[in-house]
Number of protein chains: 2
Amino acid sequence: MSFPASVVNSRIEAFKQACVERGVKVTHQRLEIYRALASSVTHPDAETIYRIVRKRIPTISHDTVYRNLKLLSDYGLIAVAGTSNERLRFDANMERHHHFVCVQCGLIRDFCSEQLESIHCPQEAHAFGEPVSLHIEVKGVCTKCGSHKKKKK
Amino acid sequence: MSFPASVVNSRIEAFKQACVERGVKVTHQRLEIYRALASSVTHPDAETIYRIVRKRIPTISHDTVYRNLKLLSDYGLIAVAGTSNERLRFDANMERHHHFVCVQCGLIRDFCSEQLESIHCPQEAHAFGEPVSLHIEVKGVCTKCGSHKKKKK
DNA sequence: GTATCTGCAAATGCTTTGCATGTCG
DNA sequence: CGACATGCAAAGCATTTGCAGATAC
């Protein structure tokens, strides 16, 4: 359940450089947290990453893992899988539709699109299991957050 | 920020019938929770729904809202927006890729697809803001969970 | 050397649960 | 009437934060 070392190593080198560019210190803990994530083909949660990193740094604390995952995602060095960096959101619309998700405020809005109706589940996805539904997720900045930004300038 | 009453009312009628079919009691609170959700074009979280419902039922409690949202999503009467009914999951893969999400165990795996490379963001999504990225989310049952099911039979 | 990071422990906030009472069908 | 739903209050977890000491650069 992990990538070949060559892939991981090249990712790590790119990561180090990206840290330097952004003025983020490359600490031992931070590097191992990144390594754990970059090695995994699934998308582990904080707890899972914590357990992996502990094998290499037994003294690492829970909050260091959380803090670094948050910091790295703020700097765009890693991503959060799925939509919510927040709470659960519910949806009464059970028909096929797609989502626009604001990366700043978490707003989710539905849209439909004829173009997207024709998409069918690609072969590649079948390798992992039996697909049930498919939808598009567009991440972006909503008009509200976009205009706030302008006001600040 | 809400649907026309005709749409909401027809959803509510369908909801009532679906409840009866599944043996779920149509209580005052449950109906108002559903109404709040069905009326909203955004995808409110539990707290927001709680605040809306409180206008009609001031004595409703927090946990009734949580319990009903969970119950309704278990019965497939409403959906959870996004992937995670769990914890945050992280992702070191910053290139364009798509997700297969197991609805049972929460597993997330990446896949790429030439067919999907050609998809571009539909006009409809631009109405909500400035799109940044786009990816497909396939929900389904992973091979592991699928085989567990078979063993139980 | 200094700004940043880590570890600890305690706090915060969302969500769940046990139990007695109330309500739907 | 009897099973299921609600309200209350308290517990459970994931995640965050304040602070003193440690570390990267």
Side-chain angles (χ1 to χ4, degrees), chain A residues 12 15-37 43-54 56-75 77-78 80-90 106, chain B residues 12 15-37 43-54 56-75 77-78 80-90 106:
Chain A
I12 286 174
F15 172 73
K16 283 181 186 170
Q17 197 181 325
C19 282
V20 172
E21 281 167 12
R22 282 157 232 238
V24 173
K25 288 184 182 168
V26 183
T27 63
H28 186 199
Q29 290 87 336
R30 190 163 286 164
L31 197 57
E32 290 306 326
I33 288 167
Y34 183 80
R35 187 199 304 278
L37 191 56
H43 297 285
D45 57 28
E47 182 62 29
T48 306
I49 294 168
Y50 171 68
R51 260 180 270 139
I52 296 169
V53 175
R54 247 160 85 99
R56 285 164 168 268
I57 314 177
T59 57
I60 200 168
S61 66
H62 241 134
D63 46 297
T64 298
V65 175
Y66 277 100
R67 241 185 310 225
N68 276 304
L69 289 171
K70 193 173 173 49
L71 183 142
L72 296 181
S73 69
D74 285 348
Y75 276 97
L77 296 168
I78 63 172
V80 177
T83 55
S84 74
N85 14 351
E86 322 190 307
R87 306 159 234 178
L88 283 182
R89 286 162 168 276
F90 300 89
Chain B
I12 286 174
F15 171 74
K16 284 181 186 171
Q17 198 181 326
C19 281
V20 173
E21 281 166 13
R22 282 156 233 235
V24 173
K25 288 183 184 169
V26 183
T27 63
H28 186 200
Q29 289 88 337
R30 190 164 287 164
L31 196 57
E32 290 307 324
I33 289 167
Y34 182 81
R35 186 199 305 278
L37 191 56
H43 297 285
D45 57 27
E47 183 61 30
T48 305
I49 294 169
Y50 172 68
R51 259 181 271 136
I52 295 169
V53 175
R54 247 159 84 99
R56 285 164 167 269
I57 314 177
T59 58
I60 200 169
S61 67
H62 240 135
D63 47 294
T64 298
V65 174
Y66 277 100
R67 242 187 307 226
N68 276 304
L69 289 171
K70 193 172 174 50
L71 182 142
L72 296 181
S73 69
D74 285 348
Y75 275 97
L77 295 168
I78 63 172
V80 177
T83 55
S84 73
N85 13 351
E86 322 190 307
R87 304 159 234 181
L88 284 183
R89 285 160 168 279
F90 299 90

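So you know, we letter chains A, B, ... as the sequences are listed, proteins then strands, and number each from 1. Computed from a predicted model, the values in this text were never measured in an experiment. When reading the values below, keep in mind they use all heavy atoms of this one structure, side chains included, and skip hydrogens, waters and symmetry mates.
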**Q** Roughly, in whole Å, what's the span from CZ in B/Arg54 to C1' in D/dC8?
**A** 14 Å
**Q** Without decimals, in angstroms, what is the distance between A/Leu88 CG and C/dT16 P?
**A** 7 Å
**Q** Measuring from B/Thr27:OG1 to B/Ile33:CD1, what's the distance to the nearest 0.5 Å?
**A** 7.0 Å
**Q** Less than 4.0 angstrom between a side-chain N/O of B/Tyr66 and OP1 or OP2 of C/dT15, yes or no?
**A** yes
**Q** Please report, rounded to the nearest Å, how far the C1' atom of C/dC14 is from the CZ atom of B/Arg51.
**A** 13 Å
**Q** When you get a sec, tell me which of D/dT16, D/dA14, C/dC5 is the closest nucleotide to the side chain of B/Arg87?
**A** D/dA14
**Q** Given atom OH of B/Tyr50 and atom C1' of D/dG7, what is their separation to the nearest angstrom?
**A** 10 Å
**Q** What nitrogen or oxygen pairs link the protein and nucleotides 8-11 of chain C at under 3.5 Å?
**A**
| unit_1 | atom_1 | unit_2 | atom_2 | d |
| --- | --- | --- | --- | --- |
| C/dC8 | N4 | A/Asp63 | OD2 | 2.6 |

**Q** Quiz question: by atom type and distance under 3.5 Å, do the side chains of A/Arg54 and A/Tyr50 form a donor-acceptor pair?
**A** yes
**Q** So which one's nearest nucleotide on DNA chain C is more toward 5', B/Glu47 or B/Val20?
**A** B/Glu47
**Q** From CG of A/Asp74 over to C1' of C/dT4, roughly how many Å is that when rounded to an integer?
**A** 16 Å
**Q** Is any side-chain nitrogen or oxygen of A/Gln29 closer than 4.0 Å to OP1 or OP2 of D/dT23?
**A** no
**Q** Rounded to the nearest 0.5 Å, what separates atom CD1 in B/Ile57 from atom CG in B/Leu31?
**A** 8.5 Å
**Q** Within this structure, what is the CG-to-P distance between B/Asn68 and C/dT17, rounded to whole angstrom?
**A** 14 Å
**Q** What do the steps show when you test A/Arg30 against A/Phe15 for side-chain contact (heavy atoms from CB on, under 4.5 Å), and what is the final call?
**A** CA-CA 10 Å; A/Arg30 190 163 286 164; A/Phe15 172 73; 4.3 Å; yes
**Q** If only atom types and distance count, is the side chain of A/Arg56 paired as donor or acceptor with the main-chain N or O of A/Glu32 below 3.5 Å?
**A** no
**Q** What's the NE2-P distance between A/His28 and D/dA24, to the nearest Å?
**A** 10 Å
**Q** Could you tell me the separation between the CG atom of A/Leu72 and the CZ atom of A/Arg67, rounded to the nearest 0.5 Å?
**A** 13.0 Å
**Q** When you compare the side chain of B/Phe90 with that of A/Val80, does any pair of heavy atoms fall below 4.5 Å?
**A** yes
**Q** Which sits closer to the 5' end of DNA chain C, B/His62 or A/Ile57, going by the nucleotide each is nearest to?
**A** A/Ile57
**Q** Does B/Thr27 make a side-chain N or O approach to OP1 or OP2 of D/dA5 shorter than 4.0 Å?
**A** no
**Q** From CG of B/Leu71 over to P of C/dT17, roughly how many Å is that when rounded to an integer?
**A** 13 Å
**Q** Hey, is the side chain of A/Arg30 poking within less than 4.0 Å of OP1 or OP2 on C/dT4, counting only N and O atoms?
**A** no
